[in-house]
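Below is one structure; the comments refer to it alone.
All values below come from the heavy atoms of this structure, side chains included, with hydrogens, waters and symmetry mates left out. Since the structure is predicted, the reported quantities are computational estimates derived from the model, not experimental observations.
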Amino acid sequence: MDKEESGSKKPVNIKDLTICEATARMLEKARKDGVETAFDRALNMKACPIGADSACCKHCAMGPCRLNSRDPYGKVGVCGATIDTIMARNFARMVAAGAACHNDHGMAMLALFREVANGNNEDYKIKDPHKLEDVARSVGIEVEGRSIKEIALDLYKELERTYTQVEGEIPFAKRVPEKTLETWRKHGIVPRGAMREIMELMNRTHMGVDQHYENLTKQCSRTALADGWGGSMVATEICDILFGTPTPVSAEVNMGVLKESEVNIIIHGHEPNLFESMLVSVNEPSLVKAAKEAGAKGINLVGMCCSGAEMLSRHGIPHAGNFMSTEAILVTGAVDAMAVDIQCIKQGLVKVAECYNTYLFTTNPRCHIEGAPHIEFNEHDPRACTDEIVIKAITRFKNRKAPIDIPNIKNIGIHGFSHEYINYMLGGTFRGSYTPLNDNIINGRIRGVAGVVGCTNPRVRQDWVHVELVKELIKNDVLVLQTGCSQIALAKAGLYTPEAACLAGPGLREVCETVGMPPVLGMGSCVDNSRILVAASQMVKEGGLGNSIADLPVAGAAPEWMSEKAICIGQYFVASGVYTVFGVTFPIIEGTKFHKLLFEGLEQQGFGKWGFTPDPYEMAKMMIAHIDKKRSALGLDKGKERVLVDMAARREMSAAA
């Protein structure tokens, strides 16, 4: 590794970069070793101010055209495109890219499900037949008296329409509360099929096609909904069916999960089929024997990022850190192999891995990285890939040369709160229900519910915005649901234990202590944001909190977002009716017509709306104010306890009348 030239770059103030102690320690070591990470690059590469405001267009060769964000209406592009058209096109392409990522992932999981259902793949199996039946019922498939194979094949055919259908409504539209669905139909944004929506959105952003920001926004919503209620929801449900529906499990996070005396293998990415196969490989007796013969006590498998979050939730597999820790953990020298698949994989990992003689393998045909050896993963012979990675890792362990420095920091927490388990946890085995949640929102013990999700970003202090925001929310009796890298940030901060209820307000604390749950519930990876949509729908269907998702006292946030997937996620929550606040930056110029549409106009049409602030305390105030506004509209600010009225009670009242 080459030492940095003294004084050639800005000095790194580590404490300003991250609140993660383990990551900070490894960044200090990287600096001494002359190893560059994304934190260094972010410090030394100023974000383009024109691009940050989305004030440029490079969609044709008459440009690129650059407008002035300080005088957005002072000029137009060569073709005449206004600032609103340019920003809407750029925003739309982010939505399209994000939707493509999640839908491609969902299609891959559905293809594996098809092969398992057909009996063409025996390396995987249906582990949760009850979830299979529940999902089938939700889309109108008959299950009584039918075999698992029959149900599975029908479900595959039905869910395939999520992607390939060109007319009609996607299957999971059946799960959407009726009033919300009416709003979608009124505005023409019910998704037909993901391929159709993404293709049409990209077409509309081409030069000379759609040049009205309002019309572009409609297709943004339609495409985003094809992710949230389509590709992502399919991925979540199919993975539960194949690999098991999460239930609460105690698990460790942070870099201390690495073990100096064992072969350490990290899986980083988003598709759990690779990780599930690796779980089998690391427990293969012949490979465990080989590791011990090489001098190791065993093989230690850990996760990072979203596939790690899924395995954390399903199996309690230790998690080493979120997105902005993926380079830093290689600096420990203890990682013998890191295998990656798709999404959120930094190309910079290659150079860091080389510096510490760590194997970095790509495994997915859709994601090769220059300089990284590729071992193709094939679902029909998964062990060929994962066994080879284990063998390579054992070889590296045997020939370790660099000193090992593992931060002795581990945080234990409870993870794995699927929609199904929340339903059971609140209502019990025989009458699983969201009624207790609704009751406690109505009586005021729980003020509302917030989804805090998303990435980490080197443009802000790692984890800090996530942690401070969630602390403010639970202090004000807001129950928090989480996914993705945000979940890991809060787990490292100790908020995933029931004891963390002491940080909550009196009402939420009482509920947490009664149920025995943390005030922050982790639900899995970024595609598992669909679990939050299902939970919101169930809250509407239980009654007492309005007739649509837009009526609910809920809000969402992505405090440290960085990817196009995050923009797509935000748009599908907004289109579903949820006020959604982003931090770091937002790619729209304030004061423009497009900005006013997203931040005000969509709510007036019956949807949610966007919000923005980089400050976690201001973000909490904005979210709580919105929750209080929704409580007031529902009449829940009157200071009295309301009672849910079920259909049986309604009939009794009608008879008495």
Side-chain angles (χ1 to χ4, degrees), residues 82 84-85 87-100 102-103 139-140 158-159 161-206 208-234 530 533 536-537 540 546-551 567-580 588 593-610:
T82 66
D84 296 299
T85 295
M87 291 188 300
R89 282 174 175 168
N90 293 337
F91 189 83
R93 289 199 170 192
M94 296 180 79
V95 170
H102 283 155
N103 276 285
V139 292
E158 180 67 12
L159 294 185
R161 296 195 300 112
T162 301
Y163 307 101
T164 60
Q165 184 171 266
V166 295
E167 294 296 341
E169 298 178 352
I170 57 172
F172 283 140
K174 295 182 177 71
R175 293 179 162 186
V176 181
E178 187 57 37
K179 187 177 177 183
T180 301
L181 191 57
E182 285 177 10
T183 301
W184 293 1
R185 287 170 176 160
K186 175 184 175 183
H187 292 278
I189 64 167
V190 182
R192 295 158 291 187
M195 293 180 181
R196 171 78 185 264
E197 305 308 350
I198 294 168
M199 178 176 66
E200 182 170 323
L201 186 56
M202 288 302 293
N203 168 42
R204 290 196 192 188
T205 64
H206 190 277
V209 188
D210 202 341
Q211 295 162 83
H212 198 302
Y213 67 96
E214 291 179 343
N215 204 42
L216 277 164
T217 301
K218 283 187 178 182
Q219 187 59 24
C220 283
S221 294
R222 202 172 198 180
T223 304
L225 291 171
D227 174 1
W229 295 89
S232 284
M233 194 169 286
V234 169
S530 61
L533 293 177
S537 296
V540 174
N547 298 314
S548 74
I549 295 175
D551 295 333
I567 287 290
C568 187
I569 290 167
Q571 187 64 21
Y572 73 61
F573 270 105
V574 167
S576 296
V578 180
Y579 176 48
T580 303
I588 297 175
K593 290 182 285 186
F594 183 50
H595 183 278
K596 186 173 182 179
L597 174 64
L598 295 192
F599 284 68
E600 298 176 26
L602 291 178
E603 185 178 45
Q604 295 166 5
Q605 295 173 21
F607 304 111
K609 64 178 179 180
W610 284 91

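For the atom pair OG1 of T162 and CG of D227, the computed distance is 11.5 Å after rounding to the nearest 0.5 Å. Atom OH of residue Y572 and atom CD1 of residue I567 lie 13.0 Å apart, to the nearest 0.5 angstrom. For the atom pair OG1 of T223 and CD of Q571, the computed distance is 9.5 Å after rounding to the nearest 0.5 Å. How far CG of L602 is from CD of E214: 9.5 Å, rounded to the nearest 0.5 Å. With rounding to the nearest 0.5 Å, the separation of CD in Q605 from OG1 in T183 is 10.0 Å. Interatomic distance, F172 CZ to R161 CZ, rounded to the nearest 0.5 Å: 11.0 Å.
Closest of all the heavy-atom pairs between A226 and E197 is CB-CG, 4.2 Å. Across every non-hydrogen atom of A550 and G606, the tightest pair is CB-O, 3.7 Å. Of all heavy-atom pairs between M202 and A96, the closest is SD-CB, 3.7 Å. Residues C220 and L201 come closest through the heavy atom pair N-CD1, 4.0 Å. Of all heavy-atom pairs between E158 and V139, the closest is CG-CG2, 4.0 Å. Across all non-hydrogen atoms, the minimal contact from L216 to A88 is CD1-CB, 3.7 Å.
Between the side chains of S576 and W229, at least one donor N or O sits under 3.5 Å from an acceptor N or O.
Looking at heavy atoms from C-beta onward, D551 lies out of side-chain contact with V540 at the 4.5 angstrom threshold. Contact of the E178 side chain with the N547 side chain is not registered, since no non-hydrogen atoms from C-beta on lie closer than 4.5 Å. Counting heavy atoms from C-beta on, the side chains of D210 and Q219 never come closer than 4.5 Å. Here the side chains of V190 and L181 are in contact, with some heavy-atom distance below 4.5 Å. Proximity of S537 to I549: side-chain heavy atoms (C-beta onward) are separated by under 4.5 Å at one or more points.
Taking a cutoff of 4.0 Å between a charged side-chain nitrogen and a carboxylate oxygen, K609 and E600 do not qualify as a salt bridge. No salt bridge links K186 with E182; every basic N to acidic carboxylate O contact stays at or beyond 4.0 Å.
A donor-acceptor pair under 3.5 Å links the side-chain atoms of Q211 to the main chain of V209, judged by distance alone. Between the side chain of W184 and the backbone N or O of A575, at least one donor-acceptor pair lies under 3.5 Å.
Other residues, nucleotides and ligands place more than 12 heavy atoms under 6.0 Å from the NZ atom of K174.
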Notebook entry, point to check: Does the pair F594 and T217 meet the rule for a side-chain contact (heavy atoms from CB on, under 4.5 Å), with working shown?
Noted result: CA-CA 9 Å; F594 183 50; T217 301; 3.2 Å; yes

Next item on the list: For M87 and H595, run side-chain contact (heavy atoms from CB on, under 4.5 Å): C-alpha distance rounded to whole Å, both residues' side-chain angles, the deciding distance at 0.1 Å, then the answer.
Entry: CA-CA 9 Å; M87 291 188 300; H595 183 278; 5.7 Å; no

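For R175, the side-chain hydrogen bond (donor to acceptor under 3.5 Å, both in side chains) partners at least two apart in sequence or on another chain are S138, E237. For T85, the side-chain hydrogen bond (donor to acceptor under 3.5 Å, both in side chains) test picks out T82, with sequence neighbours left out.
Taking the six-membered ring where tryptophan is involved, the planes of F607 and H187 are tilted, since the angle between them lies from 30° to 60°.
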